[in-house]
Amino acid sequence: MYKQIILILILGWSALLAQDLMIAAGAGYKKPMMEIINNYKRAGHRVDAIFGNMGQISNQARESDIALLIGDKKFLEKKSRLKFQEYLLVGVGKVVLAYSKQVTLKNPYHLANSHIKKIAMPQPKKAIYGIAGQEFLDHTQQYKSIKEKLFVVATVPQVMSYVARSEVDVGIVNLTAALAFQHKIGGYIIVNQKDYTKIEIVAGVLKGRKSKACRDFLSYLQTPESKAVFRKYGL
């Protein structure tokens, strides 16, 4: 009987140690994060993830045991209303102009050209790449000449869907999204990073939630294997 009690206690303690790590990330980073998570799971670790817009996952983090949020550092610091213990830089977001298979765009400063009829972008007041896109248009003095062509939607995935279906000619998005759709679009041009504020993509550790599982995953994000995945997806 004594041995059975000890065994139950050991199994219970092991189960606690093996609890899943819960992380959350912006929907635009689902592909690289899932590749990294699947590699991590194959090494015998346990981790679960949810994806959505940053407002949604920030709300969920307040109501759950999410330990890590992956997204734009400025949003996490200033708009998430969450308290973070530390940040790990995982990459730098890059703005691109993705164009449909119906047009050709060779210069990011030629959006006013007559063959470009419609340009989609995420909301410039809320979405990270909408804000950066507006900065690019203002800095390059193109906004006034193309504002009648602009079609504003909520998110980067929506912009990419319109470009892929050739319902718009050009979409202002991030490199990660353009790479994910590269076989469905005509191509993309990377915008000069001097034309918008630097976008740091980080893993933010929520205050008081840096467990051993969290520390182990943070370490894995810094391995050559994980860094190669981030680079592959344009970060």
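Since the structure is predicted, the reported quantities are computational estimates derived from the model, not experimental observations.
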Could you walk me through whether K94 and V191 pass the side-chain contact (heavy atoms from CB on, under 4.5 Å) test, one step at a time?
CA-CA 7 Å; K94 300 176 182 67; V191 169; over 6 Å; no
Look only at the side chain of [X] and the backbone of [Y], and say whether a donor-acceptor pair between them is shorter than 3.5 Å.
X: K117; Y: K149; result: no
X: D169; Y: K118; result: yes
X: Q142; Y: L111; result: yes
X: S100; Y: V163; result: no
X: R209; Y: I66; result: yes
X: N113; Y: I116; result: no
X: Q134; Y: I131; result: no
X: Q56; Y: G52; result: no

What class does the angle between the rings of Y40 and Y220 fall in, given that below 30° is parallel, 30 to 60° is tilted and above 60° is perpendicular?
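Rings of Y40 and Y220: tilted, as their planes differ by 30° to 60°.
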A side-chain contact here means heavy atoms from C-beta on lying under 4.5 Å apart; do [X] and [Y] qualify?
X: S226; Y: Q222; value: no
X: I119; Y: I146; value: yes
X: V173; Y: Y188; value: no
X: I199; Y: N174; value: no
X: Q85; Y: L206; value: no
X: K101; Y: I185; value: no
X: Y129; Y: V159; value: no
X: L97; Y: L105; value: yes

How many angstroms lie between atom [atom1] of [X] and atom [atom2] of [Y], to the nearest 0.5 angstrom?
X: Q102; Y: R165; atom1: CD; atom2: CZ; answer: 13.5 Å
X: D72; Y: K78; atom1: CG; atom2: NZ; answer: 9.5 Å
X: F136; Y: M121; atom1: CZ; atom2: CE; answer: 10.0 Å
X: L82; Y: E77; atom1: CG; atom2: CD; answer: 12.5 Å
X: R62; Y: K83; atom1: CZ; atom2: NZ; answer: 12.5 Å
X: L179; Y: Y233; atom1: CG; atom2: OH; answer: 9.0 Å

Check: F84 ring centroid to Y87 ring centroid under 6.0 Å
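Between Y87 and F84, which both carry aromatic rings, the centre distance is below 6.0 Å.
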Residues which pass salt bridge (Lys or Arg N to Asp or Glu O under 4.0 Å) with E35, listed by chain and number, not counting sequence neighbours
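Counting only residues at least two positions away or on another chain, E35 forms a salt bridge (Lys or Arg N to Asp or Glu O under 4.0 Å) with K232.
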Heavy-atom closest pair, residues [X] and [Y]:
X: V205; Y: C214; answer: CG1-SG, 4.1 Å
X: L221; Y: A203; answer: CD1-CB, 4.0 Å
X: P122; Y: I172; answer: CD-O, 3.2 Å
X: F51; Y: A27; answer: CB-CA, 4.2 Å
X: L218; Y: L88; answer: O-CD2, 3.8 Å
X: G26; Y: I57; answer: N-CD1, 3.8 Å

Neighbour count above 12 (heavy atom, 6.0 Å) for [X] [atom1]:
X: K184; atom1: NZ; value: no
X: H115; atom1: NE2; value: yes
X: K30; atom1: NZ; value: no

So, are K210 and E86 salt-bridged, with charged N and O less than 4.0 Å apart?
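Salt bridge present between K210 and E86.
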R46/D20 salt bridge by N-O under 4.0 Å criterion
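Salt bridge between D20 and R46, a charged N being under 4.0 Å from a carboxylate O: yes.
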Treating Ile, Leu, Val, Met, Phe, Trp and Tyr as nodes and any side-chain heavy-atom pair under 4.5 angstrom as an edge, say whether [X] and [Y] lie in one connected cluster.
X: M34; Y: V47; value: yes
X: V92; Y: L235; value: no
X: M54; Y: L89; value: yes

Kindly determine whether Y109 and D195 satisfy side-chain hydrogen bond (donor to acceptor under 3.5 Å, both in side chains), including the steps that lead there.
CA-CA 11 Å; Y109 309 117; D195 290 330; 3.2 Å; yes
Run the numbers on L150 and Y143 for side-chain contact (heavy atoms from CB on, under 4.5 Å), then give the verdict.
CA-CA 9 Å; L150 278 178; Y143 178 71; 3.5 Å; yes
Assess the residue pair F75 and K126 against the criterion (side-chain contact (heavy atoms from CB on, under 4.5 Å)); give the C-alpha distance rounded to whole Å, side-chain angles, the decisive distance to 0.1 Å, and a yes or no.
CA-CA 10 Å; F75 178 91; K126 294 183 179 180; over 6 Å; no
Does any donor atom in the side chain of N59 or E63 lie under 3.5 Å from an acceptor atom in the other side chain?
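Absent: no donor and acceptor within the cut-off.
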Passes side-chain contact (heavy atoms from CB on, under 4.5 Å), I37 versus F217? Steps please.
CA-CA 9 Å; I37 287 168; F217 188 70; 4.3 Å; yes
